[in-house]
Amino acid sequence: MRVSLVLAHMPGNRWIGYSRARQALARLEVMLAREPGRVRPRCVLIVGPTNNDKTAVAERFLRDHPPHATADGERERIPVLVVQTPPSPTLGRLLLGRMRTRPAIVRIR
């Protein structure tokens with residue numbers, strides 16, 4: 001089989017739930033469950049060597065807790081917000097990354 005055919009049939013992202021990843025997800029779940037409706041919830045910083053699936057853990061948690069409309073339909077509730085820092089972060093690069101992931105929608109009344 002040609003390599004291009006094999007790659008075309010491979011699934012996209014795959015979750016490999018090794019023990020440390022499962023522990024990280026469990027800890028995040030506990031934190032989220034302890035702080036419903038809190039105005040200033042705690043933040044978590046996931047740090048580790050390159051290519052250690054930090055992003056996969058964050059994306060999995062984000063997929064498990066997607067944004068949704070409030071009961072009145074007036075607002076969006078965002079239970080999980082993931083912010084990734086560039087290799088050499090500056091305030092401008094951090095804000096640009098934030099705007100790319102969750103563009104702000106402003107209502108003028």
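By convention here, the first residue in the shown sequence is residue 1.
Under the ring-ring contact (aromatic ring centres under 6.0 Å, His included) criterion, no residue pair touches residues 26-54, with sequence neighbours excluded. A ring-ring contact (aromatic ring centres under 6.0 Å, His included) check over residues 30-53, counting only residues at least two apart or in different chains, returns nothing. Judged as a side-chain hydrogen bond (donor to acceptor under 3.5 Å, both in side chains), not a single pair has a partner in residues 43-52 (not counting sequence neighbours).
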Would you tabulate the side-chain donor-acceptor contacts of residues 65-73 under 3.5 Å, counting partners in other chains and residues two or more places apart, or write 'none'?
from: His65; atom 1: NE2; to: Glu29; atom 2: OE1; distance (Å): 3.2
from: His65; atom 1: NE2; to: Glu29; atom 2: OE2; distance (Å): 2.9
from: His68; atom 1: ND1; to: Pro66; atom 2: O; distance (Å): 3.4
from: Thr70; atom 1: OG1; to: Asp72; atom 2: OD1; distance (Å): 2.5
from: Thr70; atom 1: OG1; to: Arg75; atom 2: N; distance (Å): 3.3
from: Thr70; atom 1: OG1; to: Arg75; atom 2: O; distance (Å): 3.3
from: Asp72; atom 1: OD1; to: Glu74; atom 2: N; distance (Å): 2.9

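With contacts defined as side-chain heavy-atom distances shorter than 4.5 Å, the pair Leu28/Val57 qualifies.
With sequence neighbours excluded, no residue satisfies side-chain contact (heavy atoms from CB on, under 4.5 Å) with Arg27. With sequence neighbours left out, the side chain to side chain donor-acceptor pair (under 3.5 Å) criterion links Arg77 to no other residue.
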*Begin from the C-alpha positions of Arg34 and Met31 and carry the test side-chain contact (heavy atoms from CB on, under 4.5 Å) through to its verdict.*
CA-CA 5 Å; Arg34 284 184 184 166; Met31 282 188 67; 5.9 Å; no
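Side chain of Lys54 to backbone of Ile46: no donor-acceptor contact under 3.5 angstrom is found.
Here Val47 is tied into one hydrophobic group with Leu45, each link being a pair of ILVMFWY side chains closer than 4.5 Å.
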